[in-house]
Trainee: 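Dropping a structure here in C-alpha cells format, bear with me for questions.
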Amino acid sequence: MAEEKSLNFIEEIIEEDLKSGKYKSILTRFPPEPNGYLHIGHAKSICLNFGLALKYGGKTNLRFDDTNPVTEETEYVDSIQEDIKWLGFEWDKTLYASDYFEQLYEFAVKLINKGLAYVDDSTSEQIAAEKGTPTQPGTESKYRSRSITENLQLFADMCAGEYEDGSKVLRAKIDMASPNMHMRDPILYRIKHAHHHRTEDNWCIYPMYDFAHGQSDSIENITHSICTLEFIPHRPLYDWLIENLEIFPSHQYEFARLNLTYTVMSKRRLLQMVNEKFVTGWDDPRMPTITAMRRRGYTADSIRDFCDKIGVAKRENLIDVGLLEFCVREHLNKISLRRMVVLDPLKIVITNYDEGRTEMVSIENNPEDPDSGYREVPFSNEIYIEQEDFMEVPSKKYFRLAPGQMVRLKSAYIIKCEEVVKDEDGKLTEIRCTHIPESKSGADTSGIHVKGTLHWVSIKHAVHAELRLYDRLFKVENVNAAEGDFKDHINHDSLQVISTAYAEPALLHAKFDERYQFLRKGYFCLDKDTSEEKLVFNRTVTLRDTWAKEQKKH
RNA sequence: UGCCUGAUAGUAUAAGGGUAGUACGACAGAUUUUGGUUCUGUAUGUCUAGGUUCGAAUCCUGGUCGGGCAACCA
C-alpha cells in the first residue's frame, strides 16, 4: 500500500489544469544552454521536468537554448545528452532554439509591423543609462519613434550583415517607466558575427533569451515551462510576447534552485575551477557535476532519490550535502560487493600459524544480499591490518587490538596481541600475535567473545592499488554567503592519494560497473585511470563512522 | 526611495480553518563476525504585533527579516 505523498506546488497546478480540462496532457522541457557540464542542480530540474511528465503521462523535450554562439560548444551538447540518459530519463524530441531562428525572425517582423518593436542605434552604454535604475524610471531612446517601414528595412539590413557587432539592436517597445526593469524596452536581437555550433555562419543576428525561450516553448506547445526563481521578473515579458505574437500560451512557473553546503553550483564558477586547474576537469570526482559524480561512483538511483527527498518549493534553500551522501550510502549498501583493503598497513605476524601455510576462508560478498554468494580469501601467518586498529595504550572504549587484547579477524580467527616490535626510533614495525585455532569463523568452539572485528589482507597474496580519497572542495558551509572571493574558501586538501593500498586478490578482477565496499573504509569504484599496470579506485563516500564521532568528542 | 518574491525543529519539506507530521542531522539504547546495516526511543519548530473565528501555521491588516531585479548572458 503506497503511502499517499503530498504534492509540491507545481504538481498541484498540473492536477488543477488537468482536472479543469485546460490541458489533456502535459508537455515539459529541459532547456540547458550548451555552455558547460550539467551539475547536481540541473539534476533537480531534470528530475522535476521528466518526473512530472512521467507522473502525469506526458512528455519532455530536450531543447538546447543555444542563442549565444560565443559560449556554446558541441562538446557540451554531447555531454548533456549523455548525462540525462545516464540519470535514466528519455526525452521526446531533441530540439534546439537555433532550429527556430527563421521563425523567430518572422516573429520579430510581426512585432515591428504591430509597432511593438524598433531598431535602436544607441550604444550599449547609452541603452544602459537610459534604462534607469530599479528605483528610477528609464527614458525613451531617440530611435524609439522610427517608422514601421524604417524599422523593417533596418532589421532586414541587420540580418543581412550590413552592420557591425553592437551597432544596432532590435528592442521591444513596451514601457520605459515600468517598475519591472525587464519591461523597459528589452533587447530582442543583437548583432554577433560569430560562428554558431549548428547554424554555422548563416546568421549574424541572434535572439536574446527572452525572445527565444518563451517563443520556443510556444512553438513546441509546452504546457508547463518550469524554471528557477531568478526568472520571475521575466514572466511579464514572457507573457507579453506570447500575447502580442498571438501564439500558443505556454506558462512559466518558477521553483527555487538547489544549493548544497560546501559546494558551488554556478557554471561560471565551475568553469573557473576547471580553467584555473583547481580540479583536473569537469569530471574531477570532487566536482558537483553529473559526470564527476558518475566517475566518483554515485549511482543514478541515488541522485534521483536525493532529488525526490529535497522536494520542490519556492523558498531559497541550502541542502546539507550530508543528505546526498546518505542517499548514496543507502543505495551502495544494498548493491556493493564487500572486499577487504588495508590503506595504512601494520604488519601482524601470527607466531603459532605455520609459515608456509595458506588457508582459504570463505567470506560473504554482501550481507545485505543473500544471492551475492561467497568468495574465498587467502589467509596466512603474515597479514596487514590498519595502523588505527592497534593502540599500544588503548583509550577506554577502544575495542580493537592492544597489548594482551583479542580481536577477531573478519571471517578468520581470533588473535591475541602478544608482543609489540619497534625499531631503534621507537616506531612500530610489527605486532606478534597468536591465533586461537578453534575460533575459526563458522566452526568456532572457543567460546571466546570479542567485541572488535578487523579487516585484514594476507601480505604475500596482497594486490597493490592506488586509492583516491576525496573531501569537500570548500571549507565553508555556505560558499555564496562567505566573505571574499569564492576561491579563498577552496579546501586545498580535498584530494588524498594513497599510492599503495593492499587489497585482497579478488580485486585484481574488479569491474568498472561494479561497486565495492572496502570493509570499514567506505564505498569505492574503479576509476578510469586504471591501467594494466595499476588499479585505481575512487572512494565514493565513507561509511558512517560513529567511532570517529565518539573520538572527536574528547 | 520602487517593483517582484519568500518566511514551519539545526537543514529541508508536509499539514490548505480542527491532534504541527516526515526525512536527514543530533542524542540515548538494542542487535551485529563491518564501531557498517537494521531496529527502538528522546529532544528541538509555525518571523512578529494585532484582528476575524468556538478554533489560525493556514484567512485579514501592519511590521520585521531574507532573496531577486539596472548583461547586446541564460
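Proteins get letters first, then strands, A, B, ... in listed order; numbering begins at 1 in each.
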Trainee: At under 4.0 Å between heavy atoms, what does A:Asp210 touch on the DNA or RNA strands: base, sugar-phosphate, or nothing?
Mentor: nothing
Trainee: Take atom CG of A:Asp65 and atom C1' of B:rC73, then tell me their distance rounded to the nearest Å.
Mentor: 11 Å
Trainee: Does a distance-only test, which skips hydrogens and angles, find a donor-acceptor pair under 3.5 Å between the side chain of A:Arg520 and the base of B:rU34?
Mentor: no
Trainee: Looking at B:rA70, does its base get a donor-acceptor pair with the side chain of A:His182 below 3.5 Å?
Mentor: no
Trainee: Report the distance from atom NE2 of A:His455 to atom P of B:rU34, rounded to the nearest whole Å.
Mentor: 13 Å
Trainee: Report yes or no: is the ring centroid of A:Trp547 under 5.5 Å from the six-membered base ring centroid of B:rG35, with the two planes under 30 degrees?
Mentor: yes
Trainee: Looking at B:rU33, does its base get a donor-acceptor pair with the side chain of A:Ser441 below 3.5 Å?
Mentor: yes
Trainee: Would you please confirm or rule out a distance under 4.0 Å between OP1 or OP2 of B:rA74 and any side-chain N or O of A:Thr67?
Mentor: yes
Trainee: Take the protein atom CD of A:Gln126 and the nucleotide atom P of B:rA71, then report the distance between them rounded to whole Å.
Mentor: 14 Å
Trainee: In whole angstrom, give me the gap between the P atoms of B:rA70 and B:rC65.
Mentor: 23 Å
Trainee: B:rC69, OP1 or OP2 - any side-chain N/O from A:Lys131 closer than 4.0 Å?
Mentor: no
Trainee: According to the Watson-Crick and G-U wobble definitions, with both distances under 3.5 Å, which nucleotide is paired to B:rU1?
Mentor: none
Trainee: Taking only the C1' atom of each, what is the distance from B:rA43 to B:rA7 in whole angstrom?
Mentor: 24 Å
Trainee: Assess whether ring pair (Phe, Tyr, Trp, His ring centres under 6.0 Å) is satisfied between A:Phe231 and A:His213, documenting all intermediate values.
Mentor: CA-CA 11 Å; A:Phe231 291 98; A:His213 198 102; 7.2 Å; no
Trainee: Looking only at side-chain N and O atoms, does A:Arg329 come under 4.0 Å of OP1 or OP2 in B:rU34?
Mentor: no
Trainee: Would you check if the side chain of A:Asp120 reaches a backbone N or O of A:Tyr143 as a donor-acceptor pair within less than 3.5 Å?
Mentor: no
Trainee: Quantified in whole Å, what is the C1' atom distance between nucleotide B:rC60 and nucleotide B:rG21?
Mentor: 27 Å
Trainee: B:rC72 and B:rG18: how far apart are their P atoms, nearest whole angstrom?
Mentor: 50 Å
Trainee: Taking the C1' atom in each of B:rA30 and B:rA23, what is the distance between them to the nearest angstrom?
Mentor: 23 Å
Trainee: Counting neighbours of NZ on A:Lys451 that are heavy atoms of other residues, nucleotides or ligands and sit closer than 6.0 Å, is the number greater than 12?
Mentor: no
Trainee: Can you check side-chain hydrogen bond (donor to acceptor under 3.5 Å, both in side chains) on A:Arg339 and A:Asn365, steps first, answer last?
Mentor: CA-CA 7 Å; A:Arg339 295 293 183 258; A:Asn365 282 319; 2.9 Å; yes
Trainee: Answer yes or no: does a side-chain N or O of A:Lys549 lie under 4.0 Å from OP1 or OP2 of B:rC27?
Mentor: yes
Trainee: Between B:rC47 and B:rU58, how far apart are the C1' atoms? Round to whole Å, please.
Mentor: 15 Å
Trainee: A:Thr71 and A:Glu33: side-chain hydrogen bond (donor to acceptor under 3.5 Å, both in side chains), yes or no, with the steps?
Mentor: CA-CA 9 Å; A:Thr71 58; A:Glu33 183 189 12; 3.3 Å; yes
Trainee: Would you measure the distance from the C1' atom in B:rG41 across to the matching atom in B:rG51 and give it in whole Å?
Mentor: 42 Å
Trainee: Report yes if the distance between the aromatic ring centroids of A:Tyr413 and A:Phe379 is under 6.0 Å, otherwise no.
Mentor: yes
Trainee: Starting at the 5' end of RNA chain B, which residue's closest nucleotide do you reach first, A:Glu368 or A:Lys168?
Mentor: A:Glu368
Trainee: Between A:Pro394 and A:Tyr398, what is the shortest heavy-atom contact and its length?
Mentor: CB-CD2, 3.9 Å
Trainee: Identify the heavy atoms of A:Thr289 and A:Leu270 that sit nearest to each other, and give their distance.
Mentor: CG2-CD1, 4.4 Å
Trainee: Pairs under 3.5 angstrom, nitrogen or oxygen only, protein versus nucleotides 7-13 of chain B, please.
Mentor:
{"from": "B:rU11", "atom 1": "O3'", "to": "A:Leu318", "atom 2": "O", "distance (Å)": "3.1"}
{"from": "B:rU11", "atom 1": "O2'", "to": "A:Leu318", "atom 2": "O", "distance (Å)": "2.9"}
{"from": "B:rA12", "atom 1": "OP1", "to": "A:Leu318", "atom 2": "N", "distance (Å)": "2.8"}
{"from": "B:rA12", "atom 1": "O2'", "to": "A:Ile310", "atom 2": "O", "distance (Å)": "3.0"}
{"from": "B:rU13", "atom 1": "OP2", "to": "A:Arg315", "atom 2": "NH1", "distance (Å)": "2.6"}

Trainee: Could you give the CZ-to-P distance, from A:Phe326 to B:rU38, as a whole number of Å?
Mentor: 7 Å
Trainee: Given atom CD1 of A:Ile363 and atom P of B:rG36, what is their separation to the nearest angstrom?
Mentor: 19 Å
Trainee: Counting only side-chain heavy atoms from C-beta out, which of B:rC4, B:rU1, B:rG36 sits nearest to A:Thr135?
Mentor: B:rU1
Trainee: Between atom CZ in A:Arg184 and atom P in B:rG2, what is the gap in whole Å?
Mentor: 14 Å
Trainee: Rounded to whole angstrom units, what separation is found between the CD atom of A:Glu130 and the P atom of B:rC72?
Mentor: 13 Å
Trainee: Does any nucleotide pair with B:rC27 by Watson-Crick or G-U wobble geometry, both distances under 3.5 Å, and what is it?
Mentor: B:rG41
Trainee: Within 45° of the six-membered ring axis of A:Tyr163 and under 6.0 Å from that ring's centre, is NZ or CZ of A:Lys168 located there?
Mentor: yes
Trainee: Using modelled atom types and a 3.5 Å cut-off, is there a donor and acceptor pairing between side-chain atoms of A:Arg29 and backbone atoms of A:Asp217?
Mentor: no
Trainee: Identify whether any heavy atom of A:Arg338 sits under 4.0 Å from a base atom; if not, whether one sits that close to sugar-phosphate; answer base, sugar-phosphate or nothing.
Mentor: base
Trainee: Output yes when at least one side-chain N/O atom of A:Arg544 is less than 4.0 Å from OP1 or OP2 of B:rG35, else no.
Mentor: no
Trainee: In whole angstroms, how far is the P atom of B:rC3 from the CE atom of A:Met183?
Mentor: 16 Å
Trainee: Could you measure between the two P atoms, the one in B:rG25 and the one in B:rA12, and give it in whole Å?
Mentor: 16 Å
Trainee: Identify the nucleotide, in any strand shown, that forms a Watson-Crick or G-U wobble pair with B:rU8, with both distances under 3.5 Å; if there is none, say none.
Mentor: none
Trainee: Does B:rG35 have OP1 or OP2 under 4.0 Å away from a side-chain N or O of A:Thr453?
Mentor: no
